[in-house]
Every structure is written in C-alpha cells, then in structure tokens.
**Student:** 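Supplied in structure tokens, the structure appears directly below.
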Amino acid sequence: ERAEQQILESLSSVSMRFELSNEIAALRPLIMVMQGHMRQLGVCDESDIVRVSTALQEALVNAIEHGNLELDSTLRELKDNTYQKLGDERRMQEPYAGRKVHVTAEFDRDGCRWTIRDEGQGFNPDSLPDPRDPANLQRVSGRGLLLIRTFMDEVSFNENASEITMFRKRTQP
C-alpha cells in the first residue's frame, strides 16, 4: 500500500474518455471516478469537489435529457409526469435510443477540464430564461446552467451548443 501511495503521489495527469448511454443511473459512478481523480491530484478541497460534482451532474443530465432525448424543460412544469414519461419512451425509440454522450476528462495539477458532447440538435444558451429573474424563481427547471457557470471557472459551448467544455482551476495549494 505504501509503494502504491508513493507512485500515485507522482501522478501528474490523467486523461479519460467515456461513451455513455442515456441512463441517468450511470452518472453517479462516473462522477465518483471524477471525484477520486480530483482528490488524488489535490485539485480541490472537499467542499469544492461537491460543487464541481454538482456542475458535472447538471451538464451530464442536460446532455442526456435535453440533448439526446430532446426533452423540453417546459414539460417539467406539468403536474402529470409528462416529462418523465416522454423521457422513458424516447430511451427506447430511435433516433434517441442510439445516441450517446461523449465525455472527455483531463486532470492535472493545475486543474480539471471536462468536455461533454451529446448527439442531439443543440440549442441556443442565450435563449434560456434568466433563472435569477423573480418571475422564474418558482420554476421547476432552468437552474442547471446557472449552477455550472457558478461552480466552474470557465464554461464554453461549441457552435450549436451540443458540446460544453468546463474548466475548474486548482484551488488547493
């Protein structure tokens, strides 16, 4: 164990790629792997790891639900569980069922970078309602990107926003 600990202390970077199905249940184990690498490289303290994990969860759920399954957030406002039912249906039907979420994670002693790409149509991030607007405070949805932008140091999208890149710089000395 001591020899393993010594060699892990010399680890300077890790790069990983994942191809995920549209199952939300697969996200928790993936995020736990990410947390382990953040701890191993001493990138963040525990409270920041929780924040970063929240941002990762939001980005991954967005890629599945809004990207690959093309679920409209306004359906969450309905009380009849339409959003969940439609998501369950689309997980089983093409073209949605065959779509993947592509995740690249890069860790080093300076920080962490994640790129998450779905195979959906994309969207315009500027068209989303402002979650800080009092008119939107009671809405069930619309806070994911706010959390991502709050907890990450840099956030950018590709041309059609089917891909998000997030960077968190090192906060621990």
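Position 1 is the first residue of the sequence; numbering continues from there.
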**Student:** Can you sort out the partners of F167 under ring-ring contact (aromatic ring centres under 6.0 Å, His included), two or more places apart, ordered by chain and number?
**Tutor:** none
**Student:** Would you say CD of E4 has more than 12 non-hydrogen atoms from neighbouring residues, nucleotides or ligands within 6.0 angstrom?
**Tutor:** no
**Student:** Show every salt bridge (charged side-chain N to carboxylate O under 4.0 Å, His left out) that has at least one partner inside residues 50-71, sequence neighbours left out.
**Tutor:** D48-R51, E65-R76, E70-R99
**Student:** Do any N or O atoms from the side chain of R170 and from the backbone of L41 form a donor-acceptor pair under 3.5 angstrom?
**Tutor:** yes
**Student:** Between the side chains of K85 and D88, is the shortest nitrogen-to-carboxylate-oxygen separation below 4.0 Å, so that they form an ion pair?
**Tutor:** no
**Student:** Could you tell me if the side chain of T171 sits less than 4.5 Å from the side chain of V43, heavy atoms only?
**Tutor:** no
**Student:** Between N62 and I164, is the side chain to side chain contact (heavy atoms under 4.5 Å, CB included) condition met? List the steps.
**Tutor:** CA-CA 10 Å; N62 284 348; I164 184 172; over 6 Å; no
**Student:** Working to the nearest 0.5 angstrom, can you tell me the gap between T54 OG1 and I148 CD1?
**Tutor:** 10.5 Å
**Student:** With sequence neighbours excluded, tell me which residues meet side-chain contact (heavy atoms from CB on, under 4.5 Å) with A63.
**Tutor:** V101, I116, D118
**Student:** Holding to side-chain contact (heavy atoms from CB on, under 4.5 Å), I want the full list of residues that pass it with R149, two or more places apart in sequence or in another chain.
**Tutor:** P125, L145, V155, F157
**Student:** Listing request: all side chain to side chain donor-acceptor pair (under 3.5 Å) pairs with a residue in residues 18-33, at least two apart in sequence or in separate chains.
**Tutor:** N22-N68
**Student:** Could you pull out the closest heavy-atom pair between M166 and A55, with the gap in Å?
**Tutor:** SD-O, 4.4 Å
**Student:** Can you see which heavy atom on M92 is nearest to which on A97, and at what distance?
**Tutor:** C-CB, 3.9 Å
**Student:** According to the ring pair (Phe, Tyr, Trp, His ring centres under 6.0 Å) rule, which pairs have a member within residues 70-89, sequence neighbours left out?
**Tutor:** none
**Student:** Counting C-beta onward and ignoring hydrogens, is there a side-chain heavy-atom pair between D108 and R113 closer than 4.5 Å?
**Tutor:** no
**Student:** Report the residues that fulfil ring-ring contact (aromatic ring centres under 6.0 Å, His included) with H66, sequence neighbours left out, ordered by chain and then residue number.
**Tutor:** none
**Student:** What pairs with S162 under side chain to side chain donor-acceptor pair (under 3.5 Å), at least two apart in sequence or on another chain?
**Tutor:** N158, N160
**Student:** Decide, yes or no, whether a salt bridge links R168 with E154 under the criterion of side-chain N to carboxylate O below 4.0 Å.
**Tutor:** no
**Student:** Working to the nearest 0.5 angstrom, can you tell me the gap between C44 SG and M38 CE?
**Tutor:** 6.0 Å
**Student:** Please collect all ring pair (Phe, Tyr, Trp, His ring centres under 6.0 Å) contacts where either partner lies in residues 32-58, sequence neighbours excluded, each pair once.
**Tutor:** H37-F107
**Student:** With a 4.5 Å cut-off on side-chain heavy atoms, are V103 and T115 touching?
**Tutor:** no
**Student:** I'd like to check the side-chain contact (heavy atoms from CB on, under 4.5 Å) partners of T82; sequence neighbours left out, ordered by chain and number.
**Tutor:** L75, L78, D80
**Student:** Starting from F151, can I reach L146 by hopping between I/L/V/M/F/W/Y residues whose side chains sit under 4.5 Å apart?
**Tutor:** no
**Student:** Report whether L27 and M152 are members of the same hydrophobic cluster (ILVMFWY, side-chain heavy atoms less than 4.5 Å apart, transitive linking).
**Tutor:** yes
**Student:** Can you get from L11 to I49 by hopping between Ile, Leu, Val, Met, Phe, Trp and Tyr side chains that sit under 4.5 Å apart?
**Tutor:** yes
**Student:** Following the transitive rule for hydrophobic clusters with a side-chain heavy-atom cut-off under 4.5 Å over Ile, Leu, Val, Met, Phe, Trp and Tyr, establish whether W114 and M16 coincide in one cluster.
**Tutor:** yes
**Student:** Are V33 and V61 connected in a single hydrophobic cluster, I mean Ile/Leu/Val/Met/Phe/Trp/Tyr linked by side-chain heavy atoms less than 4.5 Å apart?
**Tutor:** yes
**Student:** With sequence neighbours left out, what residues match D110 under salt bridge (charged side-chain N to carboxylate O under 4.0 Å, His left out)?
**Tutor:** none
**Student:** Does a sphere of radius 6.0 Å around CD in Q93 hold more than 12 heavy atoms from other residues, nucleotides or ligands, not counting ones at 6.0 Å or beyond?
**Tutor:** yes
**Student:** How far apart are the closest heavy atoms of S10 and R109, and which atoms are they?
**Tutor:** C-NH2, 4.4 Å
**Student:** Keeping R90 on the side-chain end and L69 on the backbone end, is there a donor-acceptor pair under 3.5 Å?
**Tutor:** yes
**Student:** Where is the tightest heavy-atom contact between G98 and E119, given as atom of each residue plus distance?
**Tutor:** O-OE1, 4.0 Å
**Student:** Any chance NZ of K169 has more than 12 other-residue heavy atoms, nucleotides or ligands included, within less than 6.0 Å?
**Tutor:** no
**Student:** Tell me, do L20 and L60 make a side-chain contact under 4.5 Å, heavy atoms counted?
**Tutor:** yes
**Student:** Which residues satisfy the side chain to side chain donor-acceptor pair (under 3.5 Å) test with R17, sequence neighbours excluded?
**Tutor:** T104
**Student:** Evaluate side-chain hydrogen bond (donor to acceptor under 3.5 Å, both in side chains) for H102 paired with E163, printing each intermediate quantity in order.
**Tutor:** CA-CA 9 Å; H102 306 269; E163 178 178 284; over 6 Å; no
